[in-house]
Protein chains: 2
Amino acid sequence: MLTFVEENYLKAIYHLSIESNDKVTTNSIAAQIQTTPGSVTEMIKKLSTKKLIKHEKYQGVILTEEGKKVALGIIRKHRLWEVFLVNKLAFAWDEVHEIAEQLEHIQSDKLIEKLDKFLGHPTTDPHGDPIPDVNGKIKQLKKYSISELGIGEGGILIAVKKSNPELLRYLDKLGIVIGEKIKVMDIIEFDGSMQINFNKKLLIISSEIAKNLLIQKAY
Amino acid sequence: MLTFVEENYLKAIYHLSIESNDKVTTNSIAAQIQTTPGSVTEMIKKLSTKKLIKHEKYQGVILTEEGKKVALGIIRKHRLWEVFLVNKLAFAWDEVHEIAEQLEHIQSDKLIEKLDKFLGHPTTDPHGDPIPDVNGKIKQLKKYSISELGIGEGGILIAVKKSNPELLRYLDKLGIVIGEKIKVMDIIEFDGSMQINFNKKLLIISSEIAKNLLIQKAY
DNA sequence: AAATAAATTTAGAGTTATCAAAATTTAAAT
DNA sequence: ATTTAAATTTTGATAACTCTAAATTTATTT
Ligand SMILES: [Mn+2]
Ligand SMILES: [Mn+2]
Ligand SMILES: [Mn+2]
Ligand SMILES: [Mn+2]
């Protein structure tokens, strides 16, 4: 049985490993979890002896198969609870992440099975992120940030990179929601901001916002 | 902000104070929480400095108004989650207590408000226990254990004293459910077991079971 | 190739909660 | 009123996690 803290470390390492496609560094973990490098090193030792991660001194860590399975289990719980909060309790999508951070640690396999059924076996959470299945299988469909696109390119908005409440509320304000068509109309060289066509409306977004909008390319 | 452990102590002290109508002893807390008297004394000091309980050395503790409010808030959460688990996720009534023990510590006032609304503002949990309102008001209608009754007396079964899974499953087996009429038909002097009329069926129950069946007297 | 900078680990110490066992106080029995 | 028993508190030690600051290793400049 893992502690609350151990679970959070595994989840953080998983997320960082997806971003970097490589070994995860001590400092990046410290930044993600908002703790100090010294604490991270301590926990790395612990998770290593439990064979949840592999670690060579000064060389960063990677999750073992077992560690990855645990991490995906927590992410599954997190995202299912987010669906519950939005679809059943009528929370806004920017309010649910913090609460799900707590709910993801509730221990009961049966609870998650029943919750999944109650929600109608959803495949994505309110921010467009895929929900791993019971066995930890996750459908990672290739996502492109619109900041990588050129003029005239576009697709369907499927997710938002960071579930930051301020970001999500701003998107609400602009009328940007998941599932609609988005297309790059112009790129302003000066600051990288973009003119986009979202659902037949023209909008200007900063490069910082653009980075956070993830699409599935339309063929 | 209280820790998980502090919350559990306050809840335990509240429950014990209801049973005893008096100061709660160190040993009874230790038994309830399944810990040692030494640990209880340590925590008593901590909760006293936080003014959540009052304590005189060797004389037991009582909750302050603030402590009572906190305890009732946790009980409110516990019982609302139990309703959710039974009514929405189709758990059996003997399966929910353990999970609610975890869920009761999730911190979010808004979550509980919304959950309460989603459940239709229930007034009792699946075991018949009253749910405190947002302000900590609890409708403690007078409950009588049928073990205190004489032959011919009875009422409506409104609650079960202990939410012990084995007990609850046995009651299921006997067909004993909350909300139906119950009446004492005979008392066997030898071991205190009782013959009861439950919902027009005759049943024999041990004195141990009888103690746990709580009724509201019919007038 | 040295020197400097950055990242990582180690060392030492603090917090919260736990336990077993000893010491103290209160309650019960003789 | 003593003695004995029971309840409670204190003491000393441990576990999990945290921090700051010093020491070490690796990476980057010059
Ligand atoms: Mn989230
Ligand atoms: Mn978390
Ligand atoms: Mn319960
Ligand atoms: Mn609890």
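Just so it is clear, the model here is predicted, and its values are computed rather than measured. The chains referred to below are lettered A, B, ... by the order of the sequence lines, with proteins before strands, and numbering in each begins at 1.
Distances shown here put every side-chain N or O of K57(A) at or beyond 4.0 Å from the OP1 or OP2 atom of dT24(D). Between H55(A) and dT9(C) there is a side-chain polar atom (N or O) within less than 4.0 angstrom of OP1 or OP2. For dT18(D), one of the phosphate oxygens OP1 or OP2 lies less than 4.0 angstrom from a side-chain nitrogen or oxygen of Y9(A). Between T36(B) and dT18(C) there is no side-chain polar atom (N or O) within less than 4.0 angstrom of OP1 or OP2. Distances shown here put a side-chain N or O of T35(B) below 4.0 Å from the OP1 or OP2 atom of dC19(C). In this model, the phosphate group of dT9(D) is approached by a side-chain N or O of T26(B) to a distance below 4.0 Å at OP1 or OP2. In terms of phosphate contacts, S39(B) brings a side-chain nitrogen or oxygen within less than 4.0 Å of OP1 or OP2 of dC19(C). The phosphate of dA6(D) (OP1 or OP2) has no side-chain N or O of N27(B) nearer than 4.0 angstrom.
Per the geometry, CD1 belonging to I44(B) stands 13 Å off C1' belonging to dT10(D), to the nearest Å. What separates CD of E56(A) from P of dT24(D) is a distance of 22 Å, to the nearest Å. In this structure, K45(A) atom NZ and dA16(D) atom P are separated by 14 Å, rounded to whole Å. Rounded to an integer number of Å, the gap from L2(B) CG to dT15(C) C1' is 16 Å. Atom CG in L47(B) sits about 13 Å away from atom P in dT9(D), given to the nearest Å. Taking atom CE of residue M43(B) and atom C1' of nucleotide dT15(C), one finds them 12 Å apart after rounding to whole Å. Atoms CZ (F4(A)) and P (dT18(D)) sit 10 Å apart, rounded to a whole Å.
Ranking dA16(D), dT26(C), dT10(D) by closeness to the Q59(B) side chain, first place goes to dT26(C). Each of dT18(D), dT8(C), dT8(D) was ranked by its minimum atom distance to the side chain of E42(A); first place goes to dT18(D).
Between E148(B) and K211(B), none of the side-chain N atoms (NZ, or NE/NH1/NH2) sits under 4.0 Å from a carboxylate O, so this pair counts as no salt bridge.
With hydrogens and angles ignored, the 3.5 Å screen pairs no side-chain donor or acceptor of S28(A) with any backbone N or O of V24(A).
Mapping G38(A) and G38(B) onto DNA chain D via the closest heavy atom, the residue that lands nearer the 5' end is G38(B). Place Q34(A) and Y58(B) on DNA chain D by their nearest nucleotides, and Y58(B) ends up nearer the 5' end.
Cation-pi contact between K68(A) and Y14(A): absent, since separation from the ring centre below 6.0 Å together with deviation from the ring axis within 45° is not met. F91(B) carries K114(A) over the face of its six-membered ring, with the cationic atom under 6.0 Å from the centre and within 45° of the normal.
Under 3.5 Å, the side chains of E82(A) and H127(A) contain a donor-acceptor pair of N or O atoms.
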